[in-house]
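Residue numbers start from 1 in every chain, and the chains themselves are labelled A, B, ... in the order their sequence lines are given, proteins ahead of strands.
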Number of protein chains: 2
Amino acid sequence: MLSYTEENYLKAIFKISEKEKKSASTNSLARHLDTTPASVTDMLKRLAEKEMIHYERYKGVTLTAEGNRIATSLIRRHRLWEVFLVEKLRFDWEHVHDLAEELEHIYSEELISRLDAFLNYPKFDPHGDSIPNAEGKFTIRNQMPLSDLMTGQSCQVLGVKEHSNAFLRYLNQIKVKPGTQIKIEERIEFDASLRVLIDQKERSTISDSVAQSLLVKRI
Amino acid sequence: MLSYTEENYLKAIFKISEKEKKSASTNSLARHLDTTPASVTDMLKRLAEKEMIHYERYKGVTLTAEGNRIATSLIRRHRLWEVFLVEKLRFDWEHVHDLAEELEHIYSEELISRLDAFLNYPKFDPHGDSIPNAEGKFTIRNQMPLSDLMTGQSCQVLGVKEHSNAFLRYLNQIKVKPGTQIKIEERIEFDASLRVLIDQKERSTISDSVAQSLLVKRI
DNA sequence: CAAAAAATTTAGATTAGTTTAAATTTATTT
DNA sequence: AAATAAATTTAAACTAATCTAAATTTTTTG
């Protein structure tokens, strides 16, 4: 059995390796987990001892098969709870992360499989992230950043690349969430910002940095 | 903020004081929390320091107003989660206690008030125990042990006094749960056991000790 | 009411996770 | 390739929660 903290390390290693396509460094883990590099080193030794990670001094870490299994299960639990919080308890999407962060640590196969069934086996969470199934398999779908579309094209929002509260709150403000339709009416050359029509009703200007963080599919 | 463990102590003190109608002793707490009296003493000092309990060496403990507020909130959360697990996720009642024991420690007013609304503001949990409302008020209802009824009388099961898995599993076996109707057909003088008719269908013999642990209302 | 038993507390040690500061290793730059 | 900077690890110490064993206090009983 791993502790709450150990589990969080595995998840962080998973996410960093996934994003940066290479082994996770001590510093990146410290930043991610809001702790000191010294604490990270300490914990890495413990996790290596438990055969959850491959660790060589000064070389960064990767997950073992078992470590990967556990991290994936945590992500599955986290995302299922997020679906529950948004769809059943009607939370706004910017409020669910911290709660799911706690709920995910409650370990019970039975609980998660029943929750999954109750929610009707969702494949994506409220932020559009893929929910691994009980076997740990992620569903992949075609998606691209809004910034890749041409003027005149329309799309449907699938999710977000950036998960900060500030960003999610901003999307709420301009009434954008998964499912929303966006048509690109004009691209401003100067700063690559976009004039868009949202759900065929509201017009808005979206900065390039926002457009890069919005994942969509063309329609 | 209290730790997970500190919260469990407050809940144990609440339950023991309630059941025994007096201050909780070090030994009873050790028994209840499956730990040693030495650890209990240690923790009691910490909780007294935090003004959660009134504690005098060798004299046992009671909760302060604040300690009582927190314990009541924990019980509220525990019982609401039990309702969720049984009614929404379709768990059997003997399986929900341990899960609720973990879920209750997730602190968020918002989460609990939304869960309460989602469940339609239940007043009692699946074992028939009263769920305190947001103000900490418990709903009281008339109930008596099945053993108090006379031969020939009928009743409806409201809940159980005893929460052990073995007892709950036995009740499942004889198809008894909250809502079940029971008619007392005969009382055996020798051991005070009861011949009963369950939901007008199945006949069964119930020992006196079981009858004392079943809470009912006459109909 | 003194002796024995039961309950409780103290003392000292242990474990998981953390911290700060110093030392070491690796990477970068001239 | 030496000097400097950045990243990482080690060392030593701290906190919360726990334990065992010994000491103390309270309660019970002959």
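- Rounded to whole Å, the distance from CD on A/E49 to C1' on C/dA16 is 14 Å.
- With distances taken from any side-chain atom of B/Y58 to the nucleotides D/dA16, D/dT25, D/dT8, the minimum falls on D/dT25.
- Proximity of B/S39 to the phosphate of D/dC19: a side-chain N or O atom is located under 4.0 Å from OP1 or OP2.
- We find that CG of B/L33 is positioned 16 Å from C1' of C/dT8, with the value rounded to whole Å.
- Nucleic acid contact class of A/T41 (heavy atoms, under 4.0 Å, all strands): base.
- Taking atom NZ on A/K59 and atom P on C/dT24, their separation rounds to 18 Å, with Å as the unit.
- Remark: C1' of C/dT15 and CE of A/M43 are 13 Å apart, rounded to the nearest angstrom.
- Stacking of B/R141 on the aromatic ring of B/F124 is recorded, both the 6.0 Å distance cut-off and the 45° axial limit being met.
- OP1 or OP2 of C/dT9 has at least one side-chain nitrogen or oxygen of B/Y55 nearer than 4.0 Å.
- When the nearest nucleotides of DNA chain C are assigned to B/G60 and A/A38 by heavy-atom distance, the more 5′-ward of the two goes with B/G60.
- As rounded to whole Å, 9 Å separates atom C1' of D/dT10 from atom CG of A/D42.
- As rounded to whole Å, 25 Å separates atom P of C/dT15 from atom OH of A/Y4.
- Closest of all the heavy-atom pairs between B/K161 and B/P145 is NZ-CG, 4.4 Å.
- Of the candidate nucleotides C/dG17, D/dT8, C/dT18, C/dG17 has the atom nearest to the side chain of A/S3.
- Of the side-chain N and O atoms in A/T36, one or more sit less than 4.0 angstrom from OP1 or OP2 of C/dT19.
- With rounding to whole Å, A/K45 atom NZ is found 14 Å from C/dG17 atom C1'.
- By the 6.0 Å and 45° rule, B/K88 stacks over the aromatic ring of B/F118.
- For B/R57, no side-chain nitrogen or oxygen approaches OP1 or OP2 of C/dT8 to under 4.0 Å.
- The shortest distance between the side-chain N/O atoms of B/T35 and the OP1/OP2 oxygens of D/dC19 is below 4.0 Å.
- Salt-bridge formation is detected for the pair A/R69/A/E66: a Lys NZ or Arg NE/NH1/NH2 atom is positioned less than 4.0 Å from an Asp or Glu carboxylate oxygen.
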**Report entry** Trace of the side-chain contact (heavy atoms from CB on, under 4.5 Å) decision for B/V216 with B/M144
**Finding:** CA-CA 5 Å; B/V216 304; B/M144 53 175 96; 4.1 Å; yes
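- The interatomic distance linking A/L10 (CG) with C/dG17 (P) rounds to 12 Å, in whole Å.
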